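Chain identifiers are assigned alphabetically (A, B, ...) following the order of the sequence lines, protein sequences preceding nucleic acid strands; residue numbering begins at 1 within each chain. No experiment lies behind these values; they were computed from the predicted model shown.
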Amino acid sequence: MRIGELAKLSNTPTRSLRYYEEQGLIRPSRLDNGYRDYQPYLIDRAVQIRGLIDSGIPTKIIALILPCLDTPRGIVPEDIEPELVQILAQERDRMTQRIDFLTRNRDSIATYINAANDALATRADSDHGTGTPA
DNA sequence: CTTCTGACA
DNA sequence: TGTCAGGA
């Protein structure tokens, strides 16, 4: 399939799909006319990549992870690269920090929403009838 | 009409 | 990432 179809099926902008290729995350073959040709399994891969990027993981790291994700099932102890494990552990810690950061912001926003709703409810009490006219 | 590369008021 | 250009 061409880039437009993959974009729809994976709801990923074509701009991103080309970017992923540029980052070495996917390498579609080319049609005679030069158009990119994607295999159907790339639909899932595109979604995976998008998710990883949305999680704040740098493309460099994603490139290292994808091959592992492909591994059908089971990990071979002999093939484990200590350097990669170390890098992934570091990435895991960054994710944790990011989660804490997001949690704080989500909580402060939630607090604001509650206060705002309280204020609106109070206003509605005294402001009977039409509510909020123009 | 769809895709390609390169570039950025 | 969006988006536009200029071409195939």
Side-chain angles (χ1 to χ4, degrees):
Chain A
M1 69 180 93
R2 294 178 311 189
I3 198 168
E5 191 178 340
L6 176 60
K8 269 183 183 175
L9 273 37
S10 65
N11 63 62
T12 304
T14 59
R15 175 72 164 83
S16 299
L17 293 173
R18 297 195 181 96
Y19 176 67
Y20 299 163
E21 178 180 10
E22 193 178 89
Q23 297 305 299
L25 273 28
I26 50 176
R27 29 186 265 321
S29 52
R30 295 286 181 145
L31 265 21
D32 292 58
N33 56 13
Y35 286 10
R36 268 165 274 249
D37 184 41
Y38 299 87
Q39 297 301 319
Y41 77 88
L42 290 175
I43 297 174
D44 292 305
R45 168 157 296 200
V47 174
Q48 280 189 303
I49 295 174
R50 227 202 330 143
L52 262 8
I53 288 180
D54 286 349
S55 297
I57 298 172
T59 58
K60 303 285 188 60
I61 306 302
I62 295 178
L64 269 38
I65 299 176
L66 288 181
C68 306
L69 265 44
D70 282 332
T71 304
R73 283 299 90 185
I75 313 163
V76 185
E78 334 303 46
D79 295 356
I80 297 177
E81 295 170 48
E83 57 165 33
L84 176 58
V85 176
Q86 187 273 320
I87 292 176
L88 293 181
Q90 195 181 324
E91 206 51 47
R92 174 204 54 198
D93 294 338
R94 287 179 188 168
M95 290 166 106
T96 299
Q97 297 190 321
R98 186 154 173 278
I99 289 173
D100 290 342
F101 178 74
L102 289 172
T103 298
R104 292 198 193 81
N105 286 114
R106 188 248 293 141
D107 288 349
S108 62
I109 286 176
T111 297
Y112 170 79
I113 291 174
N114 288 159
N117 280 157
D118 278 18
L120 290 174
T122 299
R123 178 197 295 177
D125 283 331
S126 56
D127 184 33
H128 282 296
T130 57
T132 307

Among R36(A), R27(A), R45(A), which one satisfies salt bridge (Lys or Arg N to Asp or Glu O under 4.0 Å) with E21(A)?
R36(A)
side-chain contact (heavy atoms from CB on, under 4.5 Å) between T59(A) and L52(A): does it pass, once the steps are laid out?
CA-CA 9 Å; T59(A) 58; L52(A) 262 8; over 6 Å; no
Any side-chain heavy atom of R94(A) sitting closer than 4.5 Å to one from I57(A)?
no
Side chain of R15(A) only, please: which of dT3(B), dT5(B), dT3(C) is the nearest?
dT3(C)
Under 4.0 Å, heavy atoms only, any strand: does Y20(A) hit a base, just the sugar-phosphate, or nothing?
sugar-phosphate
Roughly, in whole Å, what's the span from CD1 in I3(A) to C1' in dT3(B)?
8 Å
Measure CD/E5(A) against C1'/dT2(B) and give the value in whole Å, please.
13 Å
With heavy-atom distances below 4.5 Å as the criterion, would you say the side chains of R18(A) and T14(A) are in contact?
yes
Picking from dT5(B), dT3(B), dT1(C), the nucleotide nearest the side-chain atoms of R30(A) would be dT5(B)
Can you check the I49(A) CD1 to dT1(C) P distance for me, whole Å?
11 Å
Which whole-number value in Å describes the distance from M1(A) CE to dT2(B) P?
17 Å
From the list dC4(B), dT1(C), dT2(B), which nucleotide is the closest neighbour of the side chain of R18(A)?
dC4(B)
Would you say that S10(A) contacts I43(A) through its side chain, given a criterion of any heavy-atom pair below 4.5 Å between the two side chains?
yes
Residue pair R50(A), V47(A): steps toward the side-chain contact (heavy atoms from CB on, under 4.5 Å) verdict
CA-CA 5 Å; R50(A) 227 202 330 143; V47(A) 174; 4.0 Å; yes
Rounded to the nearest angstrom, tell me the gap between atom CZ in R36(A) and atom P in dT2(B).
17 Å
Checking contacts here: which listed nucleotide (dT1(C), dA8(C), dT5(B)) is nearest the side-chain heavy atoms of Y35(A)?
dA8(C)
Spacing of Q23(A) atom CD relative to dT1(C) atom C1', expressed in whole Å:
13 Å
Round to a whole Å and report the spacing from CG of L17(A) to C1' of dC4(B).
14 Å
Stem ranges for DNA chain C, with three or more consecutive Watson-Crick or G-U pairs under 3.5 Å?
B:4-8 with C:2-6
Whole-Å distance between dT5(B) C1' and E22(A) CD?
10 Å
What's T14(A) touching, base or sugar-phosphate or nothing? Going by heavy atoms closer than 4.0 Å.
nothing
Apply side-chain contact (heavy atoms from CB on, under 4.5 Å) to the pair M1(A) and L9(A), showing each step before the final yes or no.
CA-CA 10 Å; M1(A) 69 180 93; L9(A) 273 37; 4.1 Å; yes
